[in-house]
Amino acid sequence: MCGIVAYVGPKQAQPILLEGLKRLEYRGYDSAGVAVVGEVGLKSARSVGRVSVLEQNLADAGGLAGSLGIAHTRWATHGSPTEANAHPHTDDAGTIALVHNGIIENYATLRTFLEGKGHTFSSETDTEVLAQLIGELRRSGLSLEDAVKAALREVTGAYAIACIAQDEPDTLVVARKGSPLLVGLGPDCYIAASDAQAIISHTTQVIALDDYQVAKLTINGQGPDLRTTTIDDIPVSPVVQDLEMSLDQIELGDYSHYMQKEIMEQPMALTNALRGRLDQREGRVVLGGLANLARDLVRARRFILIGQGTAMHAGLVGEYLLEDLAKVPAEVEYASEFRYRNPIVDEGTVVVAISQSGETADTLAALTEAKDRGALAIGVVNAVGTTIARETDAGVYLHVGPEIGVASTKAFIGQVTVLTLISLLIGRRKYLAKDVVATYLAELEKMPGYIERVVNQTDYIRDETMKYIERENWLFLGRGYNYPVALEGALKLKEISYIHAEGMPAAEMKHGPIALIDEGMPVVFVAPRGSQYDKVVSNIEEVRARGGHIIAVADEDDHEIEQYADTVFRVPHVPEPLQPLITTIPLQLLAYHAAVARGHDVDKPRNLAKSVTVE
């Protein structure tokens with residue numbers, strides 16, 4: 001959720017830290033701050049609001065000089081968004097500074113202990129407790145590295161931290177448990193961050209810290225030096241990996257917003273997600289990440305798909321796909337509920353963890369629970385080398401490229417694509433004929449072109465959306481494969497336009513929600529031709545009879561729908577199992593244009609964070 005950037009090297013730290021914070025703004029935050037160690041000691045600056053406010057305040061004050069520093073964007077948990085609660089936090093002697101993502105669950109107990117030692121607190125945060133604890137431990141003569149390790153042994157909760165001390169001006173100490181942290185390896189520097197976006201302009205080589213690991217990063221007369229251990233001081237051999245992204249992928253380019261860019265680049269994203277995975281001649285799906293577990297997947301008795309938000313909606317599509325194409329029982333669960341409801345995980349259960357970031361706290365916790373109960377764990381993630389990717393038994397990457405906008409678009413398409421491929425892989429080995437699979441693969445190969453035809457309608461969708469943006473209550477309805485699409489469409493509208501919207505199965509409308517429909521209420525029907533088309537048309541007539549305004553997502557050649565709908569967004573006709581890949585696109589554009597028209601910050605909607613790394 002929050003963003004961390006830390007630097008040690010030969011250059012001035014402040015510009016590098018501010019650049020990193022700007023690249024992390026998409027994650028969601030309400031305050032920002034930096035701390036730098038230089039010739040005049042440890043100095044810091046904090047402000048409420050955007051990074052630009054912090055940058056201006058620093059410029060007005062003459063800036064912070066020094067080549068060692070840490071920075072942070074905070075999303076409030078403990079304590080309201082104020083300057084006093086913003087990071088970095090220091091001990092009351094002002095000798096060390098610390099930034100932190102996560103939650104220290106036993107902070108109240110630690111605070112009472114520290115107050116008993118005479119420490120005074122200036123914030124409401126759990127993070128300041130950790131800073132004060134490290135400061136207290138250093139009083140006994142411990143180095144910064146040893147004090148951090150000793151403090152973390154007393155901590156219960158989740159953390160990614162970066163810490164500096166004024167008397168160790170060449171040393172940066174970072175650590176993690178349950179919250180992501182990367183260490184970028186530059187030729188003459190180290191730059192640590194909670195997200196690769198803050199590192200990519202400096203290096204493509206990184207170390208992803210595992211839980212309970214601490215890295216001491218030092219720049220001295222002999223050059224860069226890296227020491228990685230556990231919090232119990234057991235040496236660890238770090239694994240260096242290359243980032244699978246480039247700087248131009250995270251630049252906005254000619255687009256107005258990242259969400260717009262990511263919607264419009266979905267044809268290429270889908271091409272990348274499919275590349276090398278379709279063997280149409282043999283009617284075969286090739287997923288290298290699952291090759292060693294193919295027999296286990298075929299023998300599986302039950303699939304449980306877990307995720308949150310958009311990932312959960314993709315999982316719901318996956319439930320339909322697995323039962324339809326692979327003929328295996330499947331169910332989808334909110335990861336946050338799965339962990340706490342004493343789930344039944346018996347022999348032959350496969351749990352599929354779905355996450356764009358690969359760091360979603362609820363999904364990670366549910367994954368751990370499932371593995372502890374004996375499930376085979378599969379990951380469907382976008383970000384390479386993340387915790388879910390490392391903690392699962394096997395997995396499939398989306399390969400749709402970095403997603404910056406908070407409201408997920410191309411990641412959803414990637415998730416549904418991968419779940420389709422997994423279902424076809426299992427189905428081919430169990431029930432589906434080669435020609436049937438080959439037909440689906442042929443349609444998948446055409447899908448980037450189909451999506452291109454839909455995103456090219458963006459101006460028309462914008463103009464039609466303008467007719468409805470003053471309405472504050474919407475319904476999104478669909479049946480079968482398009483019920484999850486209705487849920488996702490409603491979520492997108494809520495997330496970025498702040499319009500109240502509800503998604504549900506079209507038949508459920510008559511069991512209560514139909515009472516909401518009044519004159520002019522926008523009701524979006526996801527209505528491509530398929531097995532339940534006539535039923536959807538009947539639902540449309542019921543809404544129309546009560547004065548609702550109908551917005552339909554329908555096939556390009558469906559002229560019947562025109563007599564019922566006030567607005568029609570057209571999509572190419574595809575087989576039902578593939579419809580979510582195409583019917584979702586107009587709803588993404590609808591939400592985007594509604595948010596822009598209402599004057600909202602599309603990429604950074606209020607109260608939301610891109611990567612939710614605390615429960």
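All values below were derived from every heavy atom in this structure, side-chain atoms included, with hydrogens, water molecules and symmetry-related copies excluded.
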Note: Glu562 and Arg570 closest approach over all heavy atoms is OE2-NH2, 2.6 Å

Look only at the side chain of Asp279 and the backbone of Arg284, and say whether a donor-acceptor pair between them is shorter than 3.5 Å.
no

Of the options Thr584, Thr409, Thr310, which is the one that meets Lys492 in a side chain to side chain donor-acceptor pair (under 3.5 Å)?
Thr310

Measure across Arg471 and Ile499 and return the closest heavy-atom pair with its distance rounded to 0.1 Å.
O-CG2, 3.7 Å

Looking at Tyr533, I'd like to know if the NZ or CZ of Arg529 sits under 6.0 Å from its six-membered ring centre while staying within 45 degrees of the ring's axis.
yes

What residue among Leu493, Val526, Leu487 forms side chain to side chain contact (heavy atoms under 4.5 Å, CB included) with Phe476?
Leu493

Using a strict threshold of under 4.0 Å (side-chain N to carboxylate O), is an ion pair present between Arg598 and Glu472?
yes

Is there side-chain contact between Tyr258 and Leu252, with at least one heavy-atom pair below 4.5 Å?
yes

Does a donor on one side chain and an acceptor on the other come within less than 3.5 Å for Asn482 and Gln579?
yes

State, with a plain yes or no, whether a side-chain heavy atom of Pro402 is found less than 4.5 Å away from one of Gln197.
yes

Thr360-Gln308 side chain donor-acceptor pair, cut-off 3.5 Å:
no

Taking the six-membered ring for Trp and the single ring otherwise, decide whether the centroids of His313 and Phe412 are under 6.0 Å apart.
no

Between Arg275 and Asn272, a side-chain donor and acceptor under 3.5 Å
yes

Quick check: closest heavy atoms across Thr465 and Ile469, and the distance to 0.1 Å?
O-CG2, 3.3 Å

Think Arg50 forms a cation-pi with Tyr29, using NZ or CZ under 6.0 Å from the six-ring centre and within 45 degrees of its axis?
yes

May I ask you to say whether Arg546 pairs ionically with Asp518, meaning some side-chain N is under 4.0 Å from a carboxylate O?
no

Under a 4.5 Å cut-off applied to non-hydrogen side-chain atoms, are Ile306 and Val332 in contact?
no

Would you call Leu18 and Leu54 a side-chain contact if the rule is heavy atoms closer than 4.5 Å?
yes

What pair of heavy atoms forms the shortest contact from Cys2 to Asn101, and how long is it?
CB-OD1, 2.9 Å

Could you tell me if the side chain of Leu278 sits less than 4.5 Å from the side chain of Glu445, heavy atoms only?
yes

Do any N or O atoms from the side chain of Glu452 and from the backbone of Pro448 form a donor-acceptor pair under 3.5 angstrom?
no

Answer with yes or no whether the side chains of His593 and Thr458 bring together a donor and an acceptor at under 3.5 Å.
yes

Distance-only donor-acceptor check, side chains His257 and Asp603, under 3.5 Å:
no

Would Glu443 and Lys446 satisfy salt bridge (charged side-chain N to carboxylate O under 4.0 Å, His left out), going step by step from the backbone distance to the final call?
CA-CA 5 Å; Glu443 285 296 312; Lys446 298 175 186 175; 3.6 Å; yes

Could you tell me which non-hydrogen atom of Ala353 sits nearest to which non-hydrogen atom of Ile388, and how far apart they are?
CB-CG2, 4.1 Å

Show your reasoning for whether side-chain hydrogen bond (donor to acceptor under 3.5 Å, both in side chains) applies to Thr583 and Tyr481.
CA-CA 10 Å; Thr583 54; Tyr481 280 102; over 6 Å; no

Any luck finding a side-chain donor-acceptor pair between Glu576 and Ser531 under 3.5 Å?
yes

Hey, are the side chains of Ile304 and Val350 touching, using non-hydrogen atoms and a 4.5 Å cut-off?
no

Are the side chains of Thr73 and Ser31 in contact, using a 4.5 Å heavy-atom criterion?
no

State, to 0.1 Å, how close Leu444 and Leu274 come at their nearest heavy-atom pair, and which atoms those are.
O-CD1, 3.3 Å

Given 3.5 Å as the limit, does a donor-acceptor pair link the side chain of Gln266 with the main chain of Ile263, or not?
yes

For a salt bridge (charged side-chain N to carboxylate O under 4.0 Å, His left out) check, start with the C-alpha distance between Lys261 and Glu265, then their side-chain angles and the critical distance, and finish with the verdict.
CA-CA 6 Å; Lys261 176 178 185 269; Glu265 68 186 17; 3.4 Å; yes

Distance (rounded to the nearest 0.5 Å) between Leu325 CG and Thr420 OG1:
7.5 Å

Is it the case that Arg544 places NZ or CZ above or below the six-membered ring of Tyr564, under 6.0 angstrom from the centre and within 45 degrees of the axis?
no

Measure the shortest side-chain to side-chain distance between Tyr468 and His549 over non-hydrogen atoms and say whether it is less than 4.5 angstrom.
yes

